[in-house]
Amino acid sequence: MKIHNLKTGIIVSEVEDFDLEQTLDCGQCFRFSQTPDGGWHGVAADHPLTLYQTPEGILFESITPDEFNGFWRKYFDIDRDYKAIRNSFPDHPALRQSTGFTPGTRILRQDAWEALISFIISQNNNIKRIKGIIERLCRNFGSPCGNDFAFPSPSSLACLDEQDLQLLRAGWRSAYILDAAHKVNSGQLDLSEISLMPIKEAREALQTIHGVGPKVAECVLLYGMGRLEAFPLDVWMKRAMTQLFPEYTPDSFGEYAGIAQQYIFHYCRSNPHCLEK
DNA sequence: CGCCAGGCTTCTA
DNA sequence: TAGAAGCATGGC
């Protein structure tokens with residue numbers, strides 16, 4: 001990896017397997033969108049960013065090397081060797097298809113609290129509306145940062161009631177958001193501690209939140225806590241496991257099963273003809 | 001209009 | 001203890 005200074009930001013080059021569309025538009029985050037000029041803009045926690053895929057590397061606009069090293073480097077999982085991880089997967093035709101389809105996908109290391117609320121909102125919902133609800137959540141209850149809004153803190157949501165959350169138009173998920181805010185804000189649940197627990201205990205702790213079941217807990221572990229063994233089983237992955245990997249369990253994919261999951265999930269969503277029903 | 005959405009809780013047998 | 005119903009909202 002190399003960092004090149006520009007007047008307008010920095011270019012990060014010599015990073016293998018790093019495609020912005022494959023990483024930011026694969027269903028793992030909800031606050032990034034493509035801009036009219038082909039770039040990407042979004043916010044992670046309280047860090048706004050505009051970036052571009054260029055022949056020279058990834059252009060991080062208006063970012064200093066210190067800001068990159070202090071935040072975005074970890075967020076984009078820059079220092080992990082994804083090719084080596086793909087090579088650690090079991091040899092299976094459907095998995096080769098999936099990894100070959102989007103080899104530029106990286107698992108984002110998001111904030112645990114933001115991932116928790118985002119994936120609570122995601123349940124029985126579609127990506128377009130998930131993004132809208134999260135945008136209204138940030139715009140109404142997050143602190144301004146530049147032209148954007150930070151993701152609201154647990155304390156800033158814990159003081160609200162369901163009436164206040166009506167403007168989200170999140171339906172019955174509002175009660176779940178409030179229960180998560182109360183349990184995290186009160187200290188009853190410590191997300192930093194949970195991130196370090198044995199995964200079985202971490203799952204159980206997350207699922208004490210009303211509205212957090214096995215799938216949402218797994219997403220929080222994978223996308224918000226850096227637990228790359230976590231393996232979210234949504235309707236698509238359940239179909240994929242039944243129809244494409246009948247002889248496999250999540251453990252079959254190894255310690256980076258969650259990364260395999262992301263390749264398979266995106267491949268099946270983008271090529272629905274691969275699955276029945 | 002009807003069906004469905006990166007599910008979960010609650011009810012039922 | 002498994003399976004179905006109900007859930008709020010809106011995208012397509």
Side-chain angles (χ1 to χ4, degrees), chain A residues 21-34 42 98 101-102 105-108 110 112 114-137 139-140 160-183 189 203-225 227-245 250 253 257-277:
Chain A
E21 180 171 11
Q22 293 174 23
T23 298
L24 296 172
D25 197 21
C26 69
Q28 63 171 326
C29 64
F30 304 103
R31 297 202 71 195
F32 276 90
S33 299
Q34 199 152 29
S98 301
F101 182 60
T102 51
T105 300
R106 294 180 160 266
I107 299 295
L108 300 171
Q110 303 177 60
E114 180 170 342
L116 171 60
I117 297 303
S118 296
F119 282 95
I120 283 174
I121 290 168
S122 80
Q123 65 189 86
N124 191 228
N125 213 339
N126 60 68
I127 304 266
K128 186 87 185 286
R129 197 165 82 96
I130 296 165
K131 285 186 159 189
I133 293 170
I134 293 175
E135 174 63 24
R136 291 189 288 278
L137 180 73
R139 190 169 290 281
N140 286 282
L160 304 175
D161 59 27
E162 289 209 46
Q163 295 271 24
D164 300 317
L165 294 190
Q166 279 285 354
L167 55 88
L168 298 181
R169 307 198 297 279
W172 34 265
R173 300 168 193 82
S174 285
Y176 300 164
I177 293 169
L178 290 178
D179 190 56
H182 294 149
K183 288 195 164 81
L189 289 181
R203 285 175 178 133
E204 289 171 359
L206 288 169
Q207 289 180 38
T208 63
I209 298 168
H210 196 53
V212 174
K215 192 273 180 181
V216 170
E218 219 63 9
C219 286
V220 175
L221 284 161
L222 178 59
Y223 305 118
M225 294 181 167
R227 299 296 291 265
L228 300 181
E229 74 271 41
F231 198 90
L233 282 166
D234 73 311
V235 286
W236 289 90
M237 282 305 298
K238 285 177 182 170
R239 281 179 215 156
M241 292 300 286
T242 303
Q243 297 176 35
L244 303 177
F245 303 93
F253 296 100
I259 299 181
Q261 175 270 157
Q262 194 64 36
Y263 291 123
I264 296 164
F265 170 77
H266 192 216
Y267 181 73
C268 291
R269 290 304 308 266
S270 305
N271 303 279
H273 62 274
C274 295
L275 297 173
E276 297 168 6
K277 283 198 309 183

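Just so it is clear: chains get the letters A, B, ... in the order the sequence lines come, proteins before strands, and each one is counted from 1.
Judged by distance alone with a 3.5 Å cut-off, a donor-acceptor contact links the side chain of A/Asn124 to the base of C/dA8.
Picking from B/dG6, C/dT9, B/dC8 the nucleotide with the shortest atom distance to the side chain of A/Arg169 gives C/dT9. Ranking B/dA5, C/dA8, C/dG10 by closeness to the A/Trp172 side chain, first place goes to C/dA8.
Residue contacts for A/Gly213: at a heavy-atom cut-off of 4.0 Å it reaches the sugar-phosphate backbone alone, with no base atom in range. Using a 4.0 Å heavy-atom distance criterion, A/Arg173 is classed as a base contact. Among the heavy atoms of the strands lying under 4.0 Å from A/Gln262 is at least one base atom, whether or not backbone atoms are also near. Here A/Gln207 lies out of heavy-atom contact (under 4.0 Å) with every strand. Contacts of A/Phe119 with the nucleic acid, taken as non-hydrogen atoms under 4.0 Å apart, are absent. A/Phe30 comes within 4.0 angstrom of no nucleic acid atom, judged by non-hydrogen atoms across all strands.
With hydrogens and angles ignored, the 3.5 Å screen pairs a side-chain donor or acceptor of A/Asp164 with a backbone N or O of A/Asp161. A/Arg136 places a side-chain N or O within 3.5 Å of a backbone atom of A/Leu168 that can act as its donor or acceptor partner.
Nearest-nucleotide positions on DNA chain C place A/Ala170 closer to the 5' end than the other of A/Lys128 and A/Ala170. Taking for each of A/Tyr223 and A/Gly211 the nucleotide of DNA chain B with the nearest heavy atom, the 5'-most of the two is the partner of A/Tyr223.
Both geometric conditions, a ring-centre gap below 5.5 Å and a plane tilt below 30°, are fulfilled for A/Phe265 over the base of B/dG6.
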Side-chain donor-acceptor pairs under 3.5 Å in residues 227-243 of chain A, sequence neighbours left out?
unit_1: A/Arg227; atom_1: NE; unit_2: A/Glu229; atom_2: OE2; d: 3.2
unit_1: A/Arg227; atom_1: NH1; unit_2: A/Ser195; atom_2: O; d: 2.9
unit_1: A/Arg227; atom_1: NH1; unit_2: A/Met197; atom_2: O; d: 2.8
unit_1: A/Arg227; atom_1: NH2; unit_2: A/Met197; atom_2: O; d: 3.2
unit_1: A/Arg227; atom_1: NH2; unit_2: A/Glu229; atom_2: OE2; d: 3.1
unit_1: A/Asp234; atom_1: OD1; unit_2: A/Met237; atom_2: N; d: 3.0
unit_1: A/Asp234; atom_1: OD2; unit_2: A/Trp236; atom_2: N; d: 3.2
unit_1: A/Thr242; atom_1: OG1; unit_2: A/Lys238; atom_2: O; d: 2.9
unit_1: A/Gln243; atom_1: OE1; unit_2: A/Glu276; atom_2: N; d: 2.8
unit_1: A/Gln243; atom_1: NE2; unit_2: A/Glu276; atom_2: O; d: 3.2

